[in-house]
Amino acid sequence: MNKVALTVYHKQQRVTFIMGEIKKEKLVRGGIFILAAAFVYLGFRFALPVVLPFCIGWFLAVKMRRTTRWLKKHLRIPEAVSAGVLLTVEAVAAGIVLYSLGGRLIWQIRILSERLPGLLRGMENAVFSCCNQAEQALSLPRGVLISATEQARGFVHMQIEEKLMPAMAGASVPALKWVLKAGAVFTVSVIACVLSVTEMDELKQRQQASTFGTEVTALCRRLSLAGGAYFKSQLLIMVVVIGVCILGLWILGNPYPVAIGVALGFVDVLPILGTGTVLIPWAIVCLFQKRYLMAAGLMVIYGICYFFREYAEARLMGTQLGITGLETLIAIYVGLSLFGVWGMLLGPAGYLVIREIMTMY
């Protein structure tokens with residue numbers, strides 16, 4: 001074998017070796033990704049419900065750690081006492097806000113319930129008027145759409161009586177269990193927060209000394225970041241949506257802007273519904289009633305709420321979590337498909353954990 005052929009042979013061997021190493025690296029990285037994804041899914045599915053109260057307590061303790069240390073250093077107040085006082089002050093402040101808003105809300109709901117029969121009759125008249133106009137516009141026989149509407153209403157009433165009411169009655173026991181479980185989670189979270197504040201330094205030392213101390217620290221940091229970013233963004237979006245709806249309905253002259261605005265804000269949080277499920281049909285009915293200004297105003301409110309949520313959700317979470325808007329959207333959708341409504345939080349959190357594991361290994 002001459003020198004040129006030998007050189008070519010060695011180059012081919014080197015290329016083959018490099019390609020083999022690249023393939024091996026890809027297989028290893030793919031295996032790590034699969035294991036990380038399985039770890040995240042199983043952890044969120046089975047372990048998270050058990051450790052959730054302690055995670056909430058630790059998160060609250062971290063947020064108030066600086067304040068409790070300052071109070072202990074300058075005012076000699078024990079950290080457990082200051083943590084309890086801070087939690088009490090925050091709960092009282094939240095209660096005052098909810099009471100003020102809730103009082104106005106209950107007042108408007110009471111007035112709305114008193115006027116409900118008249119409103120329902122008005123809605124029926126509006127539907128019949130829309131059907132008459134549609135029959136004239138489409139050259140249909142008179143009364144066809146009204147008859148179909150009556151049949152649909154009868155079917156809806158029958159479904160409510162036969163299925164919805166028994167389902168609501170049967171859901172009372174699970175609802176009570178859920179309330180008791182939520183109360184237990186809240187109580188354990190408060191106790192865990194107070195204990196975490198006093199024992200945080202010792203817990204951190206044990207964590208750093210453990211075999212997986214670095215990994216646990218990185219994952220906890222990512223989960224805390226994801227949880228904080230999600231709740232901040234969702235709370236801000238909900239407050240803005242409620243404010244826009246209340247202000248818009250007040251400008252349009254609606255007599256129940258607070259009640260309807262708050263209801264729309266909570267509906268908007270739900271991933272499948274959103275404000276459009278209420279505002280769009282409402283605007284269509286107003287359009288058939290020739291209340292064009294009202295219909296346009298409702299669509300403006302819907303447009304503002306929709307585009308603000310689409311922009312702010314991806315922007316706020318992406319900025320705080322360090323992921324792009326498309327990545328955030330994909331993570332939210334995957335989490336929603338796997339875990340339901342809670343997946344809107346667990347999706348971005350799981351993506352961050354997987355990415356952190358891939359970075360570490």
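Since this is a predicted model, take the numbers as computed values, not measurements.
Atom OG of S196 and atom CD1 of I56 lie 12.0 Å apart (nearest 0.5 Å). Put simply, CZ on R76 and OG on S82 are 14.0 Å apart, with the number rounded to the nearest 0.5 Å. Atom-to-atom distance recorded for L86:CG and E90:CD is 6.5 Å, nearest 0.5 angstrom. Considering CZ of F186 and CD1 of I191, their distance stands at 10.5 Å, rounded to 0.5 Å. The distance from the OG1 atom of T277 to the CG atom of D268 is 9.0 Å, given to the nearest 0.5 Å. To the nearest 0.5 angstrom, T67 atom OG1 is 11.0 Å from E79 atom CD.
Taking hydrophobic clusters as Ile, Leu, Val, Met, Phe, Trp and Tyr residues chained together by side-chain heavy-atom distances below 4.5 Å, F44 does not share a cluster with F54. In the hydrophobic cluster analysis, where Ile, Leu, Val, Met, Phe, Trp and Tyr join through side-chain heavy atoms closer than 4.5 angstrom, L60 is grouped together with L52. V258 and I251 are not part of a single hydrophobic cluster, where members link through side-chain heavy atoms under 4.5 Å apart. V51 and V40 end up in the same hydrophobic cluster when Ile, Leu, Val, Met, Phe, Trp and Tyr side chains are linked at under 4.5 Å. F39 and L42 fall within the same hydrophobic cluster, where Ile, Leu, Val, Met, Phe, Trp and Tyr residues are linked whenever their side-chain heavy atoms come under 4.5 Å apart, directly or through other members.
Counting all heavy atoms, side chain and backbone alike, I246 lies closest to G261 at CG1-CA, 3.9 Å. For the residue pair N254 and P257, the shortest heavy atom distance occurs at O-CD, 3.3 Å. Smallest separation of non-hydrogen atoms from P281 and G276: CD-O, 3.4 Å. A pairwise comparison of heavy atoms in A37 and I354 identifies CA-CD1, 3.8 Å as the closest pair. The two residues L338 and R45 have their closest heavy-atom pair at O-NH2, 2.7 Å. For P49 against P53, the heavy-atom pair with the smallest separation is O-CD, 4.2 Å.
Two residues are said to be in side-chain contact when any heavy atoms from C-beta on lie closer than 4.5 Å; L252 and I301 meet this criterion. Contact annotation: the side chain of M238 approaches that of I242 to within less than 4.5 Å [non-hydrogen atoms, C-beta and beyond]. In this structure, W282 and I260 have side chains that are in contact, with non-hydrogen atoms separated by less than 4.5 Å.
If you chain together ILVMFWY residues whose side-chain heavy atoms come under 4.5 Å of each other, L75 ends up grouped with W70, L71, I77, V81, V85, V89.
Remark: the backbone N or O of V241 is not paired with any side-chain donor or acceptor of R309 at under 3.5 angstrom.
Annotation: F339, atom CZ; neighbour count of heavy atoms from other residues, nucleotides and ligands within 6.0 Å is above 12.
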Next on the checklist: side chain to side chain contact (heavy atoms under 4.5 Å, CB included), that's the test. Do V240 and F308 meet it? Break it down for me.
Outcome noted: CA-CA 9 Å; V240 172; F308 176 77; 3.5 Å; yes
Item to check | Verdict with reasoning, L298 to L249, per side chain to side chain contact (heavy atoms under 4.5 Å, CB included) | outcome: CA-CA 8 Å; L298 293 174; L249 293 173; 4.0 Å; yes
Checklist entry - After noting the C-alpha distance and the side-chain angles of I330 and Y333, does the key distance pass the side chain to side chain contact (heavy atoms under 4.5 Å, CB included) rule? => result CA-CA 5 Å; I330 294 173; Y333 179 78; 5.8 Å; no
